[in-house]
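Starting off with a structure, shown below.
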Number of protein chains: 2
Amino acid sequence: MSSDDDVVTKNLSSHSLKPALDAVATSINSRFEKLLTIPADPRARLVEAMRHAAMDGGKRMRPLLTLAACDLFGVDKEQALRVGIAIECVHVYSLIHDDLPCMDNDDQRRGKPTVHIAYDEATAVLAGDALQALAYEVLADEATHQDAAIRADLCLALARASGPDGMAGGQMLDLAAEHETFDLPLTARLQQLKTGALISFAVEAGAIMGRASDVESTRLRGYAHDLGLAFQIADDLLDIEGDETLAGKALGKDQDAGKSTFVSLMGVERARAQADLLINQAIDHLNGFGAEADLLRAIARFAIERDR
Amino acid sequence: MSSDDDVVTKNLSSHSLKPALDAVATSINSRFEKLLTIPADPRARLVEAMRHAAMDGGKRMRPLLTLAACDLFGVDKEQALRVGIAIECVHVYSLIHDDLPCMDNDDQRRGKPTVHIAYDEATAVLAGDALQALAYEVLADEATHQDAAIRADLCLALARASGPDGMAGGQMLDLAAEHETFDLPLTARLQQLKTGALISFAVEAGAIMGRASDVESTRLRGYAHDLGLAFQIADDLLDIEGDETLAGKALGKDQDAGKSTFVSLMGVERARAQADLLINQAIDHLNGFGAEADLLRAIARFAIERDR
């Protein structure tokens, strides 16, 4: 294990959130640094664009979820971090494509110009495509797990979480929401697919790697489901109440576009109460676990507190 | 096995190319039909766009290569066809993204409007993204192979063939070739990545599924490498000499854009001679196999004859 892994281990054990997030961010960055080596030909521009989007950005909440879920079962940290890298590859590819002019047309992301601004649209399309492929290259590699059945299960679960019945399907609903009025059940479905599916995979990966029992898997699925929805409600609240400088991107866009969100459908107060309820539910799902699940509990609380 | 598989089996055995291509096309279409069921919500548009691009189009040469390579080792046809579907998912996603206004800006593909014309750009981006995920969902499923190590190896090989050191890297070189003059070695490298890597995977998949020996794998790798280059030279010849109606897309674009191609660098006659040489080499790589490799030999000859 490298020295930054020791920091992760130490900070995961203390179950305090901020140092754990910082340690994971450092580990993920150093892994992207090694993984994304710049070729000595014109493909350099592609890999530079991938690095621009993948490195030094974001809270790395998804990899932390995977590490925390893996920690329940004593999974090797290095292997858990590899899965975390794969999840970030998919998350970052979705952001690059989502920011494109034909999608959300965003110029800023995490306080930096988006990939199609810093490079160009064609490079942004390809950088997203290549990051999606890289996710499976990382997962399917023997270094991720000695058991090929676990590697194949991880690939299958990630593919389901990001295809038409997962993230890409959610993005499509999001596009439709610009022209149609979505009610609360369809808005919940949209968010469950668009952001919930990958959050669920981040937790499910721990269950797969840790060979969780059916009961344990069900608990973790319940936790991830409620966390994902609460996280999205918090995001909607942030979108109307947040600080653009802190967020590092344009805010209020959903509201300006007249899109249905949890907040527009429920109002600020009910939305906030709903998020609190969901987080309590998420934490209740972990009742069968002991102190080893404290980090998962801390992540749940953080999910709704980041905007306050 | 379904009835169209029987047709594939019969026509593979006869080692004649046209009926084999037709039978594979029928099988691939009926599998896409089942795989791409249209959801009863606004995600319907996404899956319709995926169907628009994936069904009833193309020669299905890559799946036929996989079937032919699998046939050397007696691999189950249904399993080989599943890998063929995964390859087509990746091939089709790359065409959808390649046709986008920010890339090649093509309005026609296989005689139909391209996805961003028939739908819109955002849907085209998402349809490509979702097809890439679907490829791994198909490969990693137990139905593709009972042995998880083979499923994981297929995912790994496909990811390598389509990331920065494969297809996406080749696309990036292709973008660079619009602004820089590429010499013959860099043009060969471009094509080896852009189209060669996926053709190589189509053949390699047979070796993986068939648990080929090292010697057999090396032969097949040599065959696929030479076939891929010859195929691209034939494509360049078709681009300047072909019939747009037969091709179902705009031709002469590379020439108009002043891009280096094998033909612009070598001239028509030398390019044609080089393609012939490569095909002879490709077939020579198969010398260690008997009549069971006749279909692979026929595909190689077809690769350079389709434009004459």
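Below, each value reflects all heavy atoms present in this structure, side chains not excepted, and no hydrogens, waters or symmetry copies. Each chain gets a letter, A, B and so on, in the order its sequence line appears, and its residues count up from 1.
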Notebook entry, point to check: Who pairs with A/Ala127 by side-chain contact (heavy atoms from CB on, under 4.5 Å), at least two apart in sequence or on another chain?
Noted result: A/Leu46, A/Ala49, A/Met50, A/Ile96
Checklist line | Exercise: identify the closest heavy-atom pair between B/Ala168 and A/Leu126 | finding: O-CD1, 4.2 Å
Margin query: Heavy-atom pairs under 4.5 Å with chain B: which of A/Ala130, A/Cys155, A/Pro164 has the most?
Written below: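 Most heavy-atom pairs under 4.5 Å with chain B: A/Pro164.
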Between chain B and chain A, identify every pair of one donor and one acceptor N or O atom lying under 3.5 Å apart.
{"residue": "B/Arg43", "atom": "NH1", "partner": "A/Pro164", "partner atom": "O", "Å": "3.0"}
{"residue": "B/Arg43", "atom": "NH1", "partner": "A/Asp165", "partner atom": "OD1", "Å": "2.8"}
{"residue": "B/His97", "atom": "ND1", "partner": "A/Asp129", "partner atom": "OD1", "Å": "3.0"}
{"residue": "B/His97", "atom": "ND1", "partner": "A/Asp129", "partner atom": "OD2", "Å": "2.7"}
{"residue": "B/Asp129", "atom": "O", "partner": "A/Gln132", "partner atom": "NE2", "Å": "3.3"}
{"residue": "B/Asp129", "atom": "OD1", "partner": "A/His97", "partner atom": "ND1", "Å": "3.0"}
{"residue": "B/Asp129", "atom": "OD2", "partner": "A/His97", "partner atom": "ND1", "Å": "2.7"}
{"residue": "B/Gln132", "atom": "OE1", "partner": "A/Ala133", "partner atom": "N", "Å": "3.3"}
{"residue": "B/Gln132", "atom": "NE2", "partner": "A/Asp129", "partner atom": "O", "Å": "3.3"}
{"residue": "B/Ala133", "atom": "N", "partner": "A/Gln132", "partner atom": "OE1", "Å": "3.3"}
{"residue": "B/Pro164", "atom": "O", "partner": "A/Arg43", "partner atom": "NH1", "Å": "3.0"}
{"residue": "B/Asp165", "atom": "OD1", "partner": "A/Arg43", "partner atom": "NH1", "Å": "2.9"}

Checklist line | Under 4.5 Å from any heavy atom of chain A - which part of B/Leu193 | finding: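 Contact with chain A: side chain only.
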Next item on the list: Please name the pair of heavy atoms, one in B/Ala148 and one in A/Ala149, separated by the smallest distance, quoted to 0.1 Å.
Entry: CB-CA, 3.4 Å
Notebook entry, point to check: Non-hydrogen atoms of chain A under 4.5 Å away: do they reach the side chain of B/Leu190, the backbone, both or neither?
Noted result: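 Neither part, no heavy atoms under 4.5 Å.
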Item checked: For chain A, the option from B/Leu175, B/Leu134, B/Val47 that forms the most heavy-atom pairs under 4.5 Å ->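 Top count of heavy-atom pairs under 4.5 Å with chain A: B/Leu175.
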Check: Quick one: what part of A/Leu131 sits under 4.5 Å from any heavy atom of chain B, side chain, backbone, both or neither?
Finding: neither
Check: For A/Ala122 and B/Met103, which heavy atoms make the closest approach, and how far apart are they?
Finding: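 Closest approach of A/Ala122 to B/Met103, heavy atoms only: CB-SD, 3.5 Å.
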Note to self: Quick check for you: among A/Pro39, A/Gly163, A/Gly169, which has the greatest number of heavy-atom pairs under 4.5 Å with chain B?
What the structure shows: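 That would be A/Gly169.
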Notebook entry, point to check: Do A/Cys102 and B/Val125 have side-chain heavy atoms sitting under 4.5 Å apart?
Noted result: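 They are in side-chain contact.
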Notebook entry, point to check: Can you name the closest pair of heavy atoms from A/Ala133 and B/Ala159 and give their distance?
Noted result: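 Nearest pair, atom of A/Ala133 first, then B/Ala159: O-CB, 3.4 Å.
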